[in-house]
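Beneath this line is the structure, given in structure tokens, with notes to follow.
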Amino acid sequence: MKAQPIASHFIDGAYVDDAEGAVIDVVYPATGEVIARLHEATPALIDRALASAARAQGAWGAMRPVERARILRRAVDIIRARNAELSELETLDTGKPIQETTVADWPSGADAIEFFAGLAPTVTGETVPLGGDFVYTIREPLGVCVGIGAWNYPSQIACWKAAPALALGNAMVFKPSEVTPLGALKLAEIFIEAGMPAGLFNVVQGRGAVGAALVTDPRVAKVSLTGSVPTGQKVYAAAAQGIRHVTMELGGKSPLIVFEDADLDSAVGAAMLGNFYSTGQICSNGTRVFVQKGVREDFLRRLKARAEAIRLGDPLDPDTQMGPLVSQAQLDKVLAYVEGAMAQGARLVTGGARAGQGQGQGYFIQPTAFADVTDDMTLACEEVFGPVMAVLDFDTEDEVIARANDTQFGLAAGVFTADLTRAHRVVARLQAGTCWINAYNLTPVEGPFGGVKMSGVGRENGRAAVEHYTQVKSVYVGMGPVDAPY
Ligand code: NAD
């Protein structure tokens, strides 16, 4: 099998397997071919992973941050040197075109490790003078953190969670999505090669039950999940039983608002990136595109022409611009949303059908856009997670802000306008954790990323992530005799 790893799991510095665990077949989405066969972690392996993390964390957390950083920086160099090979594996695991994986997936993961390696040595406490006595604070690691990933950016997600956790002195047990289990194993391998002590980053494979076993283990101090809202509700509730810290990076139905004065080609380009990149499988996608009525038809004309020129095909061909969806289940789900939109009266602008003649059993679908979508249509309310853009129209600024906010989600939002005062005014009123002005879906590691409302709790990336992988110890220092009343 083309992408078979040495073994299913990586625990305490080495690959391990246990054929007792249920089988996980890894399917290449472009052909339907099984490219690797793994096993779910058994309770004994989950225990080994947590025990090794707990064992390794003490010395790692006590190490000078610059020494931890040096090891992480070596891992960054290894990732960058092997980008071609790692990106090919990412393409096999996810079906995303090599054109994307070579610039977006591992490279953004390497950026995160580099950023947090640089940041960790600057993390300090504060001194609070009390006129003689004083308080000082120490930012301590949390301990053993659990990371649980989604399948859309498997290696980036592993890096985004491992980077702050490890740089700030924690250990991590990471469970990738069962749909895309391969990349995280490479990360674990690379950390060891970079000189990281064994046990600090362990990978265990499995479906939801393995994740649930990790979340409820008393050795775990924190859980960081990237996944859907329903999973987030379960994981958050389970973590609450142990009063564990959480970061929840969940789903969205984000608005992208295009005013009449916007640079229309840029707005169309951003809407396409925010709906079609990674075959639409991005949490922060601007899947409700609100276009002001005066430019709606022009917007749709340009969108249709550009969408129909998108090159679908073999993801390993560097000229391919769009690959398949990740799985048969995802294809079925997305096609059902497309049928539902037609049944509810949305106007099909482009796409709408399976694609990929000659692509074997691949899970290809045409880039699709609907116009005349109304707020109550299913397509405007639920996360599709496929290349299906919903275009809605609007008249006024107040109206569009109210409609943009009328959702349980709050992950992201975008505004296109030439009027900068309007851009800032609108962004100030949008209920979203991450906003873009005249841009969309750019998530550099330097900027915090995360959601409000049902889209999440906590932030990844940026300095903000330090808060979520450390805890504050307050130390009161008495400088004089104790004044006791008895
Ligand atoms: P999912 O919720 O089905 O699964 C996410 C992960 O949780 C998987 O590893 C799964 O095995 C695990 N899991 C499932 N049940 C569990 C349980 N009870 N306890 C512990 N772990 C459990 O999500 P998915 O289909 O893999 O990914 C798509 C979703 O992820 C979308 O909703 C998308 O918006 C979201 N997402 C969010 C972000 C973000 O940063 N906000 C990024 C990427 C994806």
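Note that ligands are numbered from 1 as they come in the structure, with each ligand's atoms numbered from 1 the same way. Note that the numbering runs from 1 along the sequence shown for the chain.
The Lys175 neighbourhood of ligand 1 comprises atoms 8 (C), 9 (O), 10 (C), 11 (O), with distances under 4.0 Å to a heavy atom of that residue. Close approach of ligand 1 to Gly251 (heavy-atom distance below 4.0 Å) involves ligand atoms 32 (O), 34 (O). Less than 4.0 angstrom separates some heavy atom of Glu383 from each of these atoms of ligand 1: 31 (C), 32 (O), 33 (C), 34 (O). Shown in contact with Ala212 at under 4.0 Å from a heavy atom are these atoms of ligand 1, numbered in order with element: 19 (N), 20 (C).
Among Gln156, Glu460, Lys234, the residue whose heavy atom sits closest to atom 18 (N) of ligand 1 is Lys234. Among Gly227, Ser278, Pro230, Gly208, the residue whose heavy atom lies nearest to atom 35 (C) of ligand 1 is Gly227. Nearest-residue assignment for atom 5 (C) of ligand 1 (options Thr434, Thr226, Val229; heavy-atom criterion): Thr226. Relative to atom 22 (C) of ligand 1, the option among Val146, Thr443, Thr231, Asn461 with the closest non-hydrogen atom is Thr231.
Residue Glu249 has at least one N or O atom closer than 3.5 Å to an N or O atom of ligand 1. Checked by distance only, ligand 1 and Leu250 come closer than 3.5 Å through their nitrogen or oxygen atoms. The distance criterion of under 3.5 Å between nitrogen or oxygen atoms is not met by Ser455 with respect to ligand 1. Backbone and side-chain nitrogen or oxygen atoms of Trp151 are examined, and one is located within less than 3.5 angstrom of a nitrogen or oxygen of ligand 1.
Ranking protein heavy atoms by distance to atom 36 (N) of ligand 1, first place goes to Cys283 CB, 3.5 Å. Distance from atom 8 (C) of ligand 1 to its nearest protein heavy atom, with residue and atom name: Gly149 O, 3.2 Å.
Remark: of the listed residues Val246, Leu225, Val235, Val235 is the sole one forming a side-chain contact (heavy atoms from CB on, under 4.5 Å) with Val215.
Electrostatic pairing of Arg139 and Glu467 counts as a salt bridge here, judged by a charged N lying under 4.0 Å from a carboxylate O. Between Asp47 and Arg219 a salt bridge is recorded (basic side-chain N to carboxylate O distance below 4.0 Å). Salt bridge annotation for Glu90-Lys96: absent, with no cationic side-chain nitrogen under 4.0 angstrom from a carboxylate oxygen.
Contacts between Glu178 and ligand 1, counted as non-hydrogen atom pairs separated by less than 4.0 Å, involve the side chain only. Counting heavy atoms under 4.0 Å from ligand 1, residue Leu214 does not touch it at all.
Side-chain contact check for Tyr337 and Glu382: at least one donor-acceptor pair (N or O, by modelled atom type) lies under 3.5 Å. Asp93 and Thr180 share no donor-acceptor pair across their side chains, judged by distance under 3.5 Å alone. Side-chain atoms of Thr407 and Lys253 form no donor-acceptor pair, as typed in the model, at a separation below 3.5 Å. When only modelled atom types and interatomic distance are considered, Gln241 and Thr216 share no side-chain donor-acceptor pair under 3.5 Å. Side-chain contact check for Ser87 and Asn83: at least one donor-acceptor pair (N or O, by modelled atom type) lies under 3.5 Å.
In this structure, Tyr153 does not count as a contact residue of ligand 1, since none of its heavy atoms falls inside 4.0 Å of the ligand. In this structure, Val179 has no heavy atom closer than 4.0 Å to ligand 1.
Closest heavy-atom contact between Leu72 and Met196: CD2-CE, 3.7 Å.
Checked against a 6.0 Å centroid threshold, the rings of Phe201 and Trp60 do not count as neighbours.
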